[in-house]
Enquirer: 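Before I ask anything, let me first share the structure, which is written out below as structure tokens.
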Amino acid sequence: MKIDCSTSLYGVLGYPLSHSLSPEMQNAGFRASGYNGVYLAFESKDLEGCIQGIRALDIKGLSITIPYKECILPFLDEVDDVAQKIGAVNTLVNRKGRLVGYNTDAIGAIRALEQQLTLPGKDCLIIGAGGAARAIGFALKERGVRLRITNRNETRGERLASGLDCDFSPLSDMGRIQADLVVQATSVGMYPNLEKPPISPKALEKGTVVMDIIYNPLETRLLAGARERGCITISGVEMFLHQGAEQFELWTDLKAPLEVMRDAVLSALEQRRHENR
Ligand code: NAP
């Protein structure tokens, strides 16, 4: 990787960041495309200071992650329509000093799902009511998918369901799930807390498409159970890859080298698995 006076600086902003695979993925993309950029991890609890830093140092773009996806909005000069409707930004683009916010989580999830099924007219259960569930729900609704939400905190779940104009069911009602698609959008099952999934894989029917947005581990307990029941499973890596590819394209105006970026994520995950043994 060539680094010189023209190298553009990118990164991920949030805390904690030790779990992030974005540096490996984006730097592999930059290298493969011959793009003169470098992507770092900026772990900080000072959002306002970071905004000044972005402007002062002319940082060209950032991935925005927990806990800043929502509270960064007032600091931006412009927020695109999709991010505005979702109420969360996961991508910042510095356009000649104008900080513009986007949300690529939504389109990342759609790209991952469209590899396995045609969305319009399908029935989908979303497990979760946090920021990721909201982004995915919004994008699925726009594509004509009939939604149902379930969530541990029922008030929060009902609020999201009302915002998406769809039904809510308590987790305790998930005895048997009749849906074409199930999206697991909670943080349950993420390394190192490999807990029981919020729904039992036994509730799933053969042939259902099941996506877990957790990407570490590659196959969560929910996905392993779903696979054993004959479901079609999609790992969170696919959503992660596609949201990252969208970011890459917003920043560079180049086509994202998807396979190179996927290989980089998978090998970073594999390396972490060895380190954690
Ligand atoms: P969030 O806003 O904090 O929402 C967390 C969700 O998880 C809520 O629905 C919460 O339910 C639920 N939850 C947490 N602990 C639970 C438990 N023990 N039992 C049942 N439900 C539980 O987080 P987020 O931004 O939506 O992100 C959710 C996860 O998705 C994170 O792990 C994140 O890393 C991952 N993610 C992946 C991608 C990707 O590209 N693959 C993109 C974005 C996010 P309550 O409302 O009941 O608290």
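One is the number of the first residue; the rest follow in order along the sequence.
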Enquirer: Count the heavy atoms belonging to other residues, nucleotides or ligands that lie under 6.0 Å from CD of Glu48, then report whether that count exceeds 12.
Expert: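 Counting neighbours around CD of Glu48, 12 or fewer heavy atoms of other residues, nucleotides or ligands fall under 6.0 Å, so no.
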Enquirer: Parallel, tilted or perpendicular: which fits the ring planes of Tyr35 and Tyr10, with parallel below 30° and perpendicular above 60°?
Expert: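 Aromatic pair Tyr35/Tyr10 classed tilted.
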Enquirer: Can a salt bridge be assigned to the pair Glu205 and Arg176 using a cut-off of 4.0 Å between side-chain N and carboxylate O?
Expert: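 Salt bridge present between Glu205 and Arg176.
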Enquirer: The test is salt bridge (charged side-chain N to carboxylate O under 4.0 Å, His left out); show your working for Asp167 and Arg146 and say whether it passes.
Expert: CA-CA 9 Å; Asp167 292 331; Arg146 282 186 297 273; over 6 Å; no
Enquirer: Check Arg227 with Glu219, please: is the shortest side-chain N to carboxylate O separation under 4.0 Å?
Expert: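 Answer for the salt bridge query: yes.
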Enquirer: How close do Arg148 and Phe168 get, heavy atom to heavy atom, and via which atoms?
Expert: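 So the minimum-distance heavy-atom pair works out to NH1-O, 4.3 Å.
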Enquirer: Could you tell me which non-hydrogen atom of Leu254 sits nearest to which non-hydrogen atom of Glu249, and how far apart they are?
Expert: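 Closest approach of Leu254 to Glu249, heavy atoms only: O-CG, 3.1 Å.
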Enquirer: Can you check side chain to side chain contact (heavy atoms under 4.5 Å, CB included) on Phe42 and Leu62, steps first, answer last?
Expert: CA-CA 9 Å; Phe42 301 112; Leu62 289 175; 3.8 Å; yes
Enquirer: Testing Gln115, Arg111, Arg262 one by one against His242 for a side-chain hydrogen bond (donor to acceptor under 3.5 Å, both in side chains), which residue passes?
Expert: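 It is Gln115; the other options fail the test.
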Enquirer: Are the charged groups of Arg272 and Glu24 less than 4.0 angstrom apart, N to O?
Expert: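 Yes, this pair counts.
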Enquirer: Indicate the atoms forming the closest heavy-atom contact of Gly29 with Met261, along with that distance.
Expert: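 Gly29 and Met261 have their closest heavy atoms at CA-CG, 3.9 Å.
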Enquirer: Please collect all salt bridge (Lys or Arg N to Asp or Glu O under 4.0 Å) contacts where either partner lies in residues 133-143, sequence neighbours excluded, each pair once.
Expert: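 Those involving residues 133-143 are Glu70-Arg134.
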Enquirer: Taking 4.0 angstrom as the limit, do Lys69 and Asp105 come out as a salt bridge?
Expert: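 Salt bridge present between Lys69 and Asp105.
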Enquirer: Only one of Gln271, Glu270, Glu275 clears side-chain hydrogen bond (donor to acceptor under 3.5 Å, both in side chains) with Arg273; which?
Expert: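 One option only clears the test, and that one is Glu270.
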Enquirer: Looking only at heavy atoms, which two atoms of Trp251 and Gly61 are closest? And how far apart?
Expert: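 The answer is NE1-CA, 3.5 Å.
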Enquirer: Nearest heavy-atom pair of Leu119 and Val145: which atoms, and what distance?
Expert: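 Heavy atoms of Leu119 and Val145 come nearest at O-CG2, 3.4 Å.
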Enquirer: With a 4.5 Å limit on heavy-atom distance, are the side chains of Tyr15 and Ser44 in contact?
Expert: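 With C-beta onward as the side chain, the pair stays apart.
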Enquirer: Nearest heavy-atom pair of Asn103 and Ala88: which atoms, and what distance?
Expert: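 Heavy atoms only, the tightest pair is ND2-O, 3.0 Å.
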